[in-house]
Amino acid sequence: MAPKKLNEYERKRLENIRRNDEMMASLKLQSMATRLSAASIKRQRSAPKPKRISPKKKPKNDNLVVVRRSLRTRGILPDSEGLDNDLVESPAKSPNSQTPPSKPSIPKMGPLSMSQAFLDEGSDRALIETILSIGKKSELGVDLGAETDGVRVCKEENLGVLRNSIKKEENEVGGSFSLYSMTLNPENVARVVQDRIMTLRFFPCSNSRIVVAGSKGGDVGFWNLDHQMEEEDGVYRYHTHSGPISGISIHRHCLSKVFTCCYDGYIRSMDVEKEIFDLIYSSDNTIYSFSQRSDDMKCLYFGEGRGDLNIWDERTGNCATQWTLHEDRINSIDFSSENPNIMATSSSDSTACIWDLRSIDADKPKPLKTVSHKRAVYSAYFSPSGKFLATTSFDDTVRVLSGDNFEETSWIPHNNQTGRWISPFKAIWGWDDSHIFIGNMKRGVDVISPAQRKTIFTLQSPHISAIPCRFDTHPYNVGMLAGATGGGQVYMWTGS
DNA sequence: ATTCCAGTTACACAC
DNA sequence: GTGTGTCCACTGGAAT
């Protein structure tokens, strides 16, 4: 269908929007002139739009009586004394929660209560209880304790044990794992948010199957595949940001906190124990990317504005470090599992770089290695072993770096022209170094073999009704791959 | 060298 | 099944 030219009305409307933006920018500039240089402001946040909240609002629940699923029926110990305390602690909030139909607005500052942000009818109690219960059990049965005093340090030996157990698992299952066993069952499809999914992440927990999706409109959707209430779908939505959510991070050793970052310049931390989305960082610049090191749950690494990388430290509550590593936005940040001091960034300046965090010169940062693409690079991810790096670019290639110093490069052609409405593809690694997954424009998932340097297989299914563009692998369930679309759906492949 | 603009893309929803 | 609105990405070429 031939695209229409804008008519007069639309053109005027866009013109108005642009003028408003400019006006906002100039107003903002005056008020911030002492703090910021004008050059650092690429684009101002627009005022919080009256969000188009789903008018339908879960009509499937005819009876408004909320049926709760008890902990017992889920085989979970009733260990939630702290929960009741928390509930009592915030009685002032409960009147709000009695009027859920009104659309939640995003407070500019400070924490946002989960009940205030909750978009669906019914209750999110089951989700909260589930996350609390999995958060309390660490993978190794080690109680990580409460979130105070920085006592909860991951003991190195525990980390080591964990790493070994993961590696062992991968090696064992890796042999028997077959791509061809991966299937998409119709019950493993859900609409998790209303609009385009920008980012998708599994809870890194071996005995749960929960994915978290961040949408373009600022919603965070949780999908618990193990929900046991027949009349519910296991999906819980919150409106926590006023712009596209560009990153989600859940640390392996702190499962009760879900960090989200957003184009609106805010970073929030969902604290299930306090039942809030806390505001932990705000900036006037866009935040495009977000990551945590496996060996440090106190720090957040994020890409802000045109090429800056910031490190936020929970202990001080602010950013001690800011480097300008790129000439344009940083689209991804990743750390080597082999050595978390080794970091990879990808950028719209058409490069991806590998850095050694121990030796970055703040004035003249020099990467260990630069990968030059012809167009913007959207991702640069280390393989599970840390021996390879895969980059994805708008120049229609996926490149794989290998060798002791990543000196060898091979490239695989792949159509990455996602256009305006689909989030750009980002090739991710499977559960070992042998497979790379990436979406394709024909509603499938291409599987690239780095060894064969080509696409060897495409996952397809009649249940896919849109292009899967963002993915995550379950870190413990080999064969479980989640794909997200521009329409808010998540597809969950399972394998063996 | 910088800014502007048209054109591109897929999807949900209303009809 | 068709038409319309989306609009925070990017490109290449035209205009400044």
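All chains are named by letter (A, B, ...) in the order of the sequence lines, taking the proteins before the strands, and each is independently numbered beginning at 1. Only a predicted model underlies this, so the values are computations on that prediction, with no experimental measurement involved. What's counted below: heavy atoms across the whole structure, side chains too, no hydrogens, waters or symmetry copies.
Distances shorter than 4.0 Å separate some side-chain N or O of A:Arg443 from OP1 or OP2 on B:dC11. Contact annotation: A:Gln417 side-chain N/O to C:dT11 OP1/OP2 distance is not under 4.0 Å. Between A:Lys216 and C:dT6 there is no side-chain polar atom (N or O) within less than 4.0 angstrom of OP1 or OP2. Contact check, A:Arg329 against C:dA9: a side-chain N or O comes under 4.0 Å of OP1 or OP2. Residue A:Tyr263 has no polar side-chain atom (N or O) positioned under 4.0 Å from OP1 or OP2 of C:dC7.
In terms of position along DNA chain C, the nucleotide closest to A:Arg196 lies nearer the 5' end than the nucleotide closest to the other residue of the pair A:Arg196 and A:Arg375. Position along DNA chain C of the nearest nucleotide to A:Ala376 versus A:Pro244 favours A:Pro244 as the more 5'-ward residue.
No side-chain donor-acceptor contact under 3.5 Å links A:Ser289 and A:Ser332. Looking at A:Ser256 and A:Asp271, their side chains never bring a donor and an acceptor atom within 3.5 Å of each other.
Counting only heavy atoms from C-beta on, A:Trp421 has its side chain closest to B:dT9 among B:dC11, B:dT9, C:dC8. When distances are taken from the side chain of A:Gln194 to each of B:dC13, C:dA9, B:dC11, the shortest belongs to B:dC13. Picking from B:dC11, B:dA12, B:dA10 the nucleotide with the shortest atom distance to the side chain of A:Met441 gives B:dA10. Between B:dA12, C:dA9, B:dC11, one nucleotide has an atom nearer to the side chain of A:Ile422 than all others, and that is B:dC11. When the nucleotides C:dC7, B:dC11, B:dC13 are ranked by their closest atom to the side chain of A:Arg420, C:dC7 comes out on top.
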query = After noting the C-alpha distance and the side-chain angles of A:Tyr301 and A:Phe335, does the key distance pass the ring pair (Phe, Tyr, Trp, His ring centres under 6.0 Å) rule?
reply = CA-CA 10 Å; A:Tyr301 293 69; A:Phe335 300 95; 4.8 Å; yes
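Inter-residue side-chain proximity for A:Asp124 and A:Asp120 is flagged as unmet; no heavy-atom pair is nearer than 4.5 Å.
At a threshold of 4.0 Å, the pair A:Arg125-A:Glu275 counts as salt-bridged, since one of the basic side-chain nitrogens sits closer than that to a carboxylate oxygen.
Atoms CZ (A:Phe425) and P (B:dT9) sit 14 Å apart, rounded to a whole Å. To the nearest angstrom, P of B:dT2 lies 14 Å from CG of A:Asp328. Here the C1' atom of nucleotide C:dC8 and the CD atom of A:Glu304 are 16 Å apart, to the nearest Å. A straight line from CG of A:Asp396 to C1' of B:dT8 spans 14 Å, rounded to a whole angstrom. Separating the CG atom of A:Asn416 from the C1' atom of B:dT9 is a distance of 14 Å, rounded to the nearest angstrom. One interatomic measurement links the two molecules: CD1 of A:Ile197 to P of B:dA12, which rounds to 11 Å at whole-angstrom precision. A:Asp219 places its CG atom 15 Å from the P atom of C:dC8, with the value rounded to the nearest Å. The CG atom of A:Asp349 sits 16 Å away from the P atom of C:dA9 (whole-angstrom rounding).
Nucleic acid contact class of A:Ser348 (heavy atoms, under 4.0 Å, all strands): sugar-phosphate only. Residue contacts for A:Gly487: at a heavy-atom cut-off of 4.0 Å it reaches the sugar-phosphate backbone alone, with no base atom in range.
Aromatic ring centroids of A:Phe302 and A:Tyr281 lie under 6.0 Å apart.
Distance check on atom P: C:dG12 versus B:dT9 gives 15 Å, rounded to whole Å.
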Run the side-chain donor-acceptor check on residues 458-467 of chain A: report pairs under 3.5 Å with partners two or more places apart or on a different chain.
from: A:Thr458; atom 1: OG1; to: A:Asp446; atom 2: OD1; distance (Å): 2.8
from: A:Ser461; atom 1: OG; to: A:His463; atom 2: N; distance (Å): 2.9
from: A:Ser461; atom 1: OG; to: A:His463; atom 2: ND1; distance (Å): 3.4
from: A:His463; atom 1: ND1; to: A:Leu184; atom 2: O; distance (Å): 3.3
from: A:Ser465; atom 1: OG; to: A:Tyr491; atom 2: OH; distance (Å): 3.4

request  = Dot-bracket for DNA chain C, please, read 5' to 3', with Watson-Crick or G-U wobble pairs under 3.5 Å on both distances, ( ) within the strand, [ ] crossing, | other strand, . unpaired.
outcome  = ||||||..||||||||
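Within the 3.5 Å criterion, the main-chain N or O of A:Arg306 finds no donor-acceptor partner in the side chain of A:Asp328.
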